[in-house]
Amino acid sequence: MSDDAGPSAWIGTSWKMTKTLAQAREYARVLADVSWPSGVQPFVVPPATAIAAVAEILPPGGPVLVGAQDAHWEDEGAWTGEISVPQVWDAGARLLEIGHSERRAHFGETDERVNLKVRAALRHGVLPLVCVGEDAEQRAAGAAVEVVSSQVRAALAGVPETARVLLAYEPVWAIGSGGRPASPDDIVDVVAAIADLGGTARPVLYGGSVSLDNAAALMAVPRVNGLFVGRSAWQVEGFIALAAIVAECST
Ligand code: PEP
């Protein structure tokens with residue numbers, strides 16, 4: 001679906017640690033039959049166990065991109081429990097989610113590691129989706145723009161300006177079942193600050209408690225180029241309905 005100019009909008013979901021193989025295949029089979037609106041690039045990010053099964057149904061080069069939720073920065077070696085970018089590529093992933101706040105909070109993901117993973121993805125032709133976002137304390141201190149800009153700068157250190165990288169702005173306080181949905185006013189300044197950071201325009205997706213109720217308003221924020229969704233897209237009907245909203249808002 002992408003052309004040289006890239007899609008005009010993105011809609012993606014990470015399934016996090018949900019779905020059996022059967023559930024993943026069932027979801028993917030429904031997506032395989034959808035006529036996607038032009039200009040919209042859908043992607044799904046299954047757990048590692050289901051990447052290959054999903055990519056058999058939604059193969060590389062087709063309308064729906066398949067991603068991985070994480071990968072190591074080294075190509076191979078003695079890293080028990082880890083998977084590498086060449087391995088997720090081999091399984092059919094062409095996008096790599098990097099630096100999600102849950103990985104930063106629980107698994108020691110630092111800005112430095114995020115940068116190593118961005119470079120590893122680019123080395124292998126996998127599209128990095130870099131997740132950034134401030135926590136509630138940082139927001140309360142008025143530091144959101146500074147914190148998120150610094151995360152983006154660190155993620156992209158040494159990365160060529162021409163490299164294709166997606167950014168997902170996901171305020172930590174807005175994510176998950178305990179999250180407070182962000183309003184357009186909450187996010188406008190941060191999105192504006194990172195969309196052209198370093199002089200290169202990059203697509204910015206918004207994520208955090210996106211639902212059918214707030215998707216259009218969030219898409220209307222200047223420089224928001226798509227949505228990255230958790231719970232509201234874990235049922236395939238939710239994903240398809242959100243894709244339709246994204247399409248409508250981006251024409
Ligand atoms: C997320 O965890 O990145 C996310 C966007 O989740 P949710 O939509 O469920 O808040």
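Treat the numbers as computed from the prediction; the structure is a model and nothing was measured. Read the numbers this way: they start at 1 and go in the same order the structure lists the ligands and their atoms.
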Enquirer: If you count the atoms of ligand 1 from 1 in the order shown, which ones are under 4.0 Å from a heavy atom of Ile175?
Expert: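 Within the 4.0 Å cut-off of Ile175, ligand 1 contributes 1 (C), 2 (O), 10 (O).
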Enquirer: Are Lys117 and Asp70 ion-paired here, with the side-chain N under 4.0 Å from a carboxylate O?
Expert: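 Yes.
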Enquirer: Taking the six-membered ring for Trp, is the centroid-to-centroid distance between Phe228 and Phe43 below 6.0 Å?
Expert: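 Ring-ring flag for Phe228/Phe43: true, centres closer than 6.0 Å.
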Enquirer: Would you mind finding which of Ser211, Ser209, Gly230 brings a heavy atom closest to atom 10 (O) of ligand 1?
Expert: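 The residue whose heavy atom sits nearest atom 10 (O) of ligand 1 is Ser209.
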Enquirer: So, 4.0 Å and heavy atoms of Ser14: is ligand 1 close enough to count as a contact?
Expert: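 No, Ser14 has no heavy atoms under 4.0 Å from ligand 1.
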Enquirer: With a 6.0 Å cut-off (strictly less than), is the heavy-atom count around CD of Glu74, excluding the residue itself, greater than 12?
Expert: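 Atom CD in Glu74 is crowded, with more than 12 foreign heavy atoms closer than 6.0 Å.
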Enquirer: In ligand 1, which numbered atoms sit nearer than 4.0 Å to a non-hydrogen atom of Gly208?
Expert: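 Going through ligand 1 atom by atom, the ones under 4.0 Å from Gly208 are 5 (C), 10 (O).
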Enquirer: Side-chain contact test, heavy atoms from C-beta onward, threshold under 4.5 Å: evaluate it for Gln69 versus Pro47 and give yes or no.
Expert: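 Yes. Closest side-chain heavy atoms under 4.5 Å.
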Enquirer: Against heavy atoms of Lys16, which atoms of ligand 1 measure under 4.0 Å?
Expert: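 Checking each atom against Lys16, I get 1 (C), 2 (O), 6 (O).
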Enquirer: Within ligand 1, which atoms have a heavy atom of Phe228 less than 4.0 Å away?
Expert: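 Those qualifying, in numeric order: 5 (C).
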Enquirer: I'd like to check Thr18 versus Trp234 (side-chain heavy atoms, cut-off strictly below 4.5 Å). Are they in contact?
Expert: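 Yes - at least one pair of side-chain heavy atoms lies under 4.5 Å apart.
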Enquirer: Should the pair Arg103-Glu97 be classified as a salt bridge under the 4.0 Å nitrogen-to-oxygen rule?
Expert: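 Salt bridge between Arg103 and Glu97, a charged N being under 4.0 Å from a carboxylate O: no.
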Enquirer: Considering non-hydrogen atoms of the protein only, which is the closest contact for atom 1 (C) of ligand 1, and what is the distance?
Expert: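 Residue, atom and distance for the closest contact: His100 NE2, 3.3 Å.
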Enquirer: Checking the N or O distance criterion of under 3.5 Å, is ligand 1 in contact with Gly176?
Expert: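 So ligand 1 has an N or O lying under 3.5 Å from an N or O of Gly176.
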Enquirer: Yes or no on salt bridge (charged side-chain N to carboxylate O under 4.0 Å, His left out) for Arg25 and Glu56, after CA distance, side-chain angles and deciding distance?
Expert: CA-CA 9 Å; Arg25 287 194 182 101; Glu56 264 179 35; 5.8 Å; no
Enquirer: With heavy-atom distances below 4.0 Å as the criterion, list the atoms of ligand 1 near Arg231.
Expert: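 Result: 7 (P), 8 (O), 9 (O), 10 (O).
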